[in-house]
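In what follows, a structure is listed as structure tokens, so that the remarks can point back to it.
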Amino acid sequence: MKKIIKEINEIPEIASVDVLVCGGGPAGIGASIQAARQGVSVMIIEALGCLGGIATSGMMSHWGGRSSSKVMQEIWNLTYDMAKDVGWDNDSFCGKDAIYHEVQKIALEEMMQKENIRVLYYTHVCKAVVENGAIIGVIIENKSGRGFIRAKRVVDATGDGDVAASAGVPFFKGRESDGKMQPCTIMFNVGGVDTENAVFPPSFETMVETPKGELQALAKELLPFPAGHVLLYRQPMPGTVCCNMTNAIEIDGTDGESLTKGVFTCHSQIIPIVKFLKEYVPGYENCWLMNGASLIGIRETRHFEGLASLEKDDILEARYHEDWVVRRAHFNFDVHNLTGASLDKTGAQKHFKQTNDYTIPYGCLLPKNVEGLLLSGRNISGSHMAHSNFRIMSVCIALGEAAGVAAALSVKQNKKLRDLDVKEIQNIVGE
């Protein structure tokens with residue numbers, strides 16, 4: 001690769017805060033709100049023009065899974081209360097975990113303002129700045145140019161772990177055996193659905209028989225590869241349904257060209273999918289394409305090395321860790337097929353048998369070799385299989401809350417993150 005060497009201008013320090021949260025998705029939201037509630041100064045930076053990440057820009061259908069997150073319940077309640085005035089359909093049979101995307105964006109900003117959190121949109125992390133083994137801030141770039149944000153503690157809630165990777169934290173990508181990563185998806189909504197007669201298969205393992213055949217089999221046969229499954233979810237607006245049906249395999253979410261390829265692949269599948277819905281799926285005969293997500297859904301990239309690691313058996317055995325910072329976590333092994341459509345042979349959705357909750361230990365949030373930095377969300381330390389469970393948004397926001405509390409307590413007590421009394425974190429985030 002050719003390199004251009006030029007004089008680098010001095011980078012101005014544009015802000016100095018106690019806690020800097022990088023990434024405005026569920027993990028970043030939980031981290032920033034809980035850090036601010038501990039009485040420290042907080043700033044959150046986000047690459048897009050709204051908060052929520054995959055929940056809003058990614059147009060996710062619902063939060064899914066469960067955890068002990070307090071902030072998540074606040075978001076649900078506030079979004080629901082605000083949305084009732086502008087279109088939430090009380091007869092839609094949606095729970096409060098369904099996402100009214102445009103309203104949730106506004107609700108999240110209101111929550112940030114209430115906690116006096118400084119928000120900076122359209123801002124990308126360029127580089128972590130590490131001195132003597134501790135992170136002291138990050139270099140960012142936006143319309144104003146490059147700048148340095150100094151921070152006493154940094155929470156990496158970027159999903160892909162861009163801060164941690166730049167800081168030199170060891171990681172691996174994807175599945176341990178071959179590095180393959182779960183496929184990516186662009187969500188979209190359709191309107192005009194006859195919801196009284198429509199079907200809503202929620203999992204790959206949900207079979208729906210119709211006069212024209214079983215829907216999952218028809219999708220695999222008729223939709224353009226690697227699309228080939230039917231996942232449909234009611235939305236709060238009358239007659240609308242969220243479609244989780246586009247699919248792009250062998251995409252690396254940390255690579256710009258690969259990301260672009262993923263977007264093109266998913267976009268190319270949307271019209272064939274809508275045609276399929278109209279032709280083969282009951283209740284969708286008159287449906288029409290409403291809108292599509294502006295953020296592609298990346299399920300898996302980097303897995304970082306922490307002081308502890310969450311493994312498959314921690315979830316299957318519902319293990320209780322004394323040093324927990326997330327409780328009541330539960331979801332399935334949501335492993336999308338790494339080589340095609342539908343569920344991977346290692347996954348289990350509808351047929352996931354473990355019904356008990358598990359905990360996540362504090363060490364999963366602490367990178368091995370960099371002080372002052374916390375992992376948060378799907379980038380915590382864990383295996384490929386465990387990640388397919390804890391990557392769900394309800395668990396990610398709880399991880400964010402734990403990271404935010406830990407960051408704030410560390411600043412207030414002038415202690416290293418690893419020297420905190422985990423029981424103090426538990427007293428704030430637990431129940």
Side-chain angles (χ1 to χ4, degrees), residues 13-58 69-72 74-75 78-79 104-129 135-144 146-164 166-167 295 365 372-380 393 396-411 429:
E13 182 174 313
I14 64 169
S16 179
V17 295
D18 292 326
V19 176
L20 174 65
V21 178
C22 300
I29 292 163
S32 57
I33 289 175
Q34 281 287 23
R37 288 177 178 173
Q38 310 317 309
V40 299
S41 61
V42 179
M43 184 177 190
I44 183 169
I45 60 174
E46 165 57 38
L48 300 177
C50 67
L51 296 169
I54 201 66
T56 54
S57 296
S69 170
K70 298 175 181 178
V71 173
M72 178 176 67
E74 294 176 32
I75 293 170
L78 181 58
T79 301
Q104 193 150 109
K105 293 175 187 178
I106 299 167
L108 291 170
E109 290 181 346
E110 184 172 295
M111 294 176 74
M112 294 291 158
Q113 290 175 320
K114 181 180 179 181
E115 304 296 342
N116 295 313
I117 298 166
R118 183 176 174 185
V119 179
L120 195 58
Y121 287 147
Y122 303 112
T123 299
H124 295 264
V125 173
C126 296
K127 184 176 177 59
V129 181
I135 192 167
I136 62 168
V138 300
I139 296 172
I140 59 89
E141 187 157 17
N142 57 26
K143 283 288 189 177
S144 302
R146 286 205 167 190
F148 173 62
I149 301 175
R150 186 177 299 276
K152 295 176 183 176
R153 303 293 181 267
V154 177
V155 176
D156 186 342
T158 61
D160 299 314
D162 294 335
V163 181
S166 175
L295 175 65
L365 283 63
L373 176 65
L374 285 146
L375 303 168
S376 179
R378 64 176 170 88
N379 60 20
I380 67 165
M393 293 193 305
C396 284
I397 193 170
L399 286 164
E401 289 181 55
V405 169
L409 293 179
S410 175
V411 169
V429 301

Flag the pair I75 / I397 as yes when at least one side-chain heavy-atom distance between them is below 4.5 Å, and no otherwise.
yes
Minimum heavy-atom distance between I14 and R118, given as atom pair plus value:
O-NH1, 4.1 Å
Is it true that R146 and E13 make a salt bridge, defined as a side-chain N closer than 4.0 Å to a carboxylate O?
no
So which atom in Y122 and which in N142 form the shortest heavy-atom distance, rounded to 0.1 Å?
O-CB, 3.1 Å
Quick check: do V405 and Q38 have side-chain heavy atoms less than 4.5 Å from each other?
yes
Do T123 and E141 come close enough that some side-chain heavy atom pair is under 4.5 Å?
no
Is the backbone N or O of V163 less than 3.5 Å from a side-chain atom of D156, with the two atoms forming a donor-acceptor pair by type?
yes
Are M43 and L120 close enough that some pair of their side-chain heavy atoms sits under 4.5 Å apart?
yes
Pair I136-R150, side-chain contact (heavy atoms from CB on, under 4.5 Å): steps then yes or no
CA-CA 6 Å; I136 62 168; R150 186 177 299 276; 4.1 Å; yes
Nearest heavy-atom neighbours spanning N379 and G159:
CB-O, 3.5 Å
So L374 and V154, do their side chains get closer than 4.5 Å, heavy atoms only?
no
Are the side chain of S410 and the backbone N or O of A408 linked by a donor-acceptor pair below 3.5 Å?
no
Are more than 12 heavy atoms from other residues, nucleotides or ligands located less than 6.0 Å from atom NZ of K105?
yes
Donor-acceptor contact present, side-chain E115 to main-chain I117, <3.5 Å
no
side-chain contact (heavy atoms from CB on, under 4.5 Å) for L51 and I44? Distances and angles first, verdict last.
CA-CA 10 Å; L51 296 169; I44 183 169; 4.3 Å; yes
Quick check: closest heavy atoms across M112 and I33, and the distance to 0.1 Å?
CE-CG1, 4.0 Å
Any chance you could lay out the side-chain contact (heavy atoms from CB on, under 4.5 Å) test for V42 and V17, step after step, and finish with the verdict?
CA-CA 6 Å; V42 179; V17 295; over 6 Å; no
Looking at every non-hydrogen atom in both residues, tell me the closest pair between S376 and V155 and how far apart they are.
CB-CG1, 3.7 Å
Do V71 and R37 have side chains that get closer than 4.5 Å, going by heavy atoms?
yes
Backbone of I54 reached by a side-chain donor or acceptor of S57 within 3.5 Å:
no
For a 4.5 angstrom cut-off between non-hydrogen side-chain atoms, does R153 reach D18?
no
With distance as the sole test, does S166 use its side chain to make a donor-acceptor pair with the main-chain N or O of A128 at under 3.5 Å?
yes
Shortest non-hydrogen pair, M72 vs E401, comes out as N-OE2, 4.2 Å
Is a donor from one side chain sitting under 3.5 angstrom from an acceptor on the other, for T158 and D160?
no
Distance-only polar pair, side chains of T79 and Q104, donor-acceptor under 3.5 Å
yes
Do V129 and V138 touch side chain to side chain, with heavy atoms closer than 4.5 Å?
no
